[in-house]
Protein chains: 2
Amino acid sequence: MPDQISELTTNRLSLYLRYLNELYGKGVRTVSSKVLAEQLGVHAALIRRDLSNFGELGVRGVGYVVEDLRRELRSILGLDRKLGVAIIGAGNLGLALADYPGFRREGFRIVALFDNLQTKVGSVSRGGVAIHDIRDLEEIARREAITIAVIAVPEASAREVVQTVVEAGITAVLNFSPGALRVPPHVKLKSVDLTVSLESLSFYLAREAGRSQNGD
Amino acid sequence: MPDQISELTTNRLSLYLRYLNELYGKGVRTVSSKVLAEQLGVHAALIRRDLSNFGELGVRGVGYVVEDLRRELRSILGLDRKLGVAIIGAGNLGLALADYPGFRREGFRIVALFDNLQTKVGSVSRGGVAIHDIRDLEEIARREAITIAVIAVPEASAREVVQTVVEAGITAVLNFSPGALRVPPHVKLKSVDLTVSLESLSFYLAREAGRSQNGD
DNA sequence: TTTTGTGAAACGCTTCACAGCT
DNA sequence: AGCTGTGAAGCGTTTCACAAAA
């Protein structure tokens, strides 16, 4: 078992698990890397390579036993225990993320929202997640065993918030705020930059436009 | 100028532009790849390589002229014209995205939300973006020159919605729904999978946990 | 001297192709 | 025969290191 697994691989593991859940629900017993590959739009050898990082999970001549591989992946991804999640920032995005069904489905426990605006503190999201004062983060994080923070605050407060999160002892951060954040080495930071995603698409459109009209 | 630019590069171009905007606001005249690199946490040579794809944008011995590079990047990313964006799905996430300030800032025009639920059609988001019937997408897309669709619908309807979007003549799609989507080759699809992002973090936590407690 | 632009080396990820197991 | 697991090849991205320019 190699000691460093790339993020590209872990992302795909999550995709494999999602499809295995679907197969499991349908009562399918085994699945080959070929079938998995066709469904997910990746190469079969890549799936075998990804899975082989964690042992010999398949059966030669047969494929992968759906129930076993599903259990294995859940364990590899750490989804067999319920992880506590805090959402920082009770703006539009934070509230939407707090109620996002995809987070609850695979064993995450959305414990609370946090904000610094006193007018928001004390109320709840539509789905019933309570909004607390950001100053209570550390206490609640310890009490509720929160290990993941999702940051959805404006760019201006992002740095300060990350600091608060790290000081509260949280070691995994999913960041939706724009801008580069720095965290200590023991903290894992993953950023989803919505503006970057959209501008990247814009680049594609700009290129296509230039490509179709050739010197007229 | 190479004819294929990787998505890794275009994502970084967007980050460079964001920081250049900041420098421009502060009145800074020039910046070196070294300074840029330190701020953004990437290697200086990578920045030079990225930019060199689009010509000789810098000045040897000096660095890059902030105003010029900023203008150049805006043009490269196609942000010098205002692109029309439609958000499909007026749930929590769609509504949050419609009002997301980061989208408006860099020259995108959020034209409308679309949903199939008649109870939502006719109302507006908090920020004032109107919700239309998804059946009117094609007509409105043509009239308002919408070139980008942001998909924020439940997994079950995602496939159908992509089809509708493609038929409406939209050629760039930013997808927030889980699951693999297939689009024709002339359409650019970029997916942000929130569940995958969170599960990837969970993997990191599972690994760390196993690492600290060694056989006790 | 400073800093870019870029061949060449290094690195990492994916695919090929097949031995090995069922 | 069928399908996994994997060494080796292939390919794309990043970093090194330095010539060229200001």
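In what follows, every chain begins at residue 1, and chains take the letters A, B, ... in the order their sequences are listed.
Dashed line: the shortest gap from a side-chain N or O of A:Arg12 to OP1 or OP2 of C:dT14 is under 4.0 Å. Considering only side-chain N and O atoms, A:Ser33 lies under 4.0 angstrom from the phosphate OP1 or OP2 of D:dT4. Taking only side-chain nitrogens and oxygens, A:His43 never comes nearer than 4.0 Å to OP1 or OP2 of C:dC13. Of the side-chain N and O atoms in B:Tyr64, none sit less than 4.0 angstrom from OP1 or OP2 of D:dA22.
A donor and an acceptor atom sit less than 3.5 Å apart, one in the side chain of B:Arg49 and one in the base of D:dT15. At a cut-off of 3.5 angstrom, the base of C:dT4 holds at least one donor-acceptor pair with the side chain of B:Arg60.
With rounding to whole Å, B:Lys34 atom NZ is found 18 Å from C:dG5 atom C1'. Between the CG atom of A:Leu46 and the C1' atom of C:dA17 there is a distance of 16 Å, given to the nearest Å. A:Tyr16 places its OH atom 14 Å from the C1' atom of D:dT4, with the value rounded to the nearest Å. At whole-Å resolution of the value, CG in B:Asn53 and P in C:dT4 are 16 Å apart. Rounded to an integer number of Å, the gap from B:Asp50 CG to D:dG12 C1' is 13 Å. Between B:Phe54 atom CZ and C:dT4 atom P there is a gap of 17 Å when expressed in whole angstrom units. If you measure from atom CG of A:Leu36 to atom P of D:dG5, you get 12 Å, rounded to the nearest angstrom. Straight-line distance from the CZ atom of B:Arg48 to the C1' atom of C:dG7: 13 Å, rounded to whole Å.
Between A:Val62 and A:Ala45, the one whose closest nucleotide on DNA chain C sits nearer the 5' end is A:Ala45. Heavy-atom distances to DNA chain C give each of B:Ser32 and A:Val42 a nearest nucleotide, and the one nearer the 5′ end belongs to B:Ser32.
Of the residues listed (B:Val31, B:Leu77, B:Asp50), the one engaging B:Tyr16 in a side chain to side chain contact (heavy atoms under 4.5 Å, CB included) is B:Asp50, and it is the only one.
You'll find the side chain of A:Ile140 reaches within 4.5 Å of the side chain of A:Phe114, heavy atoms only.
Among the protein residues, A:Leu8 comes within range of the sugar-phosphate backbone only, with heavy atoms under 4.0 Å from sugar or phosphate atoms but none that close to a base. Residue contacts shown for A:Ser6 are limited to sugar-phosphate atoms, with no base heavy atom under 4.0 Å away. Within the nucleic acid shown, A:Thr9 has no heavy atom closer than 4.0 Å to any nucleic acid atom. Residue-level contact check: A:Leu51 touches neither bases nor backbone, having no heavy atom under 4.0 Å from any strand.
For B:Arg159, the CZ atom sits in a loose shell: 12 or fewer heavy atoms of surrounding residues, nucleotides or ligands are nearer than 6.0 Å.
For the residue pair B:Asn11 / A:Glu199, no side-chain donor-acceptor distance below 3.5 Å is found, with atom types taken as modelled.
One distance of note links CG of A:Leu79 with CZ of A:Arg70; it measures 10.5 Å at 0.5 Å rounding.
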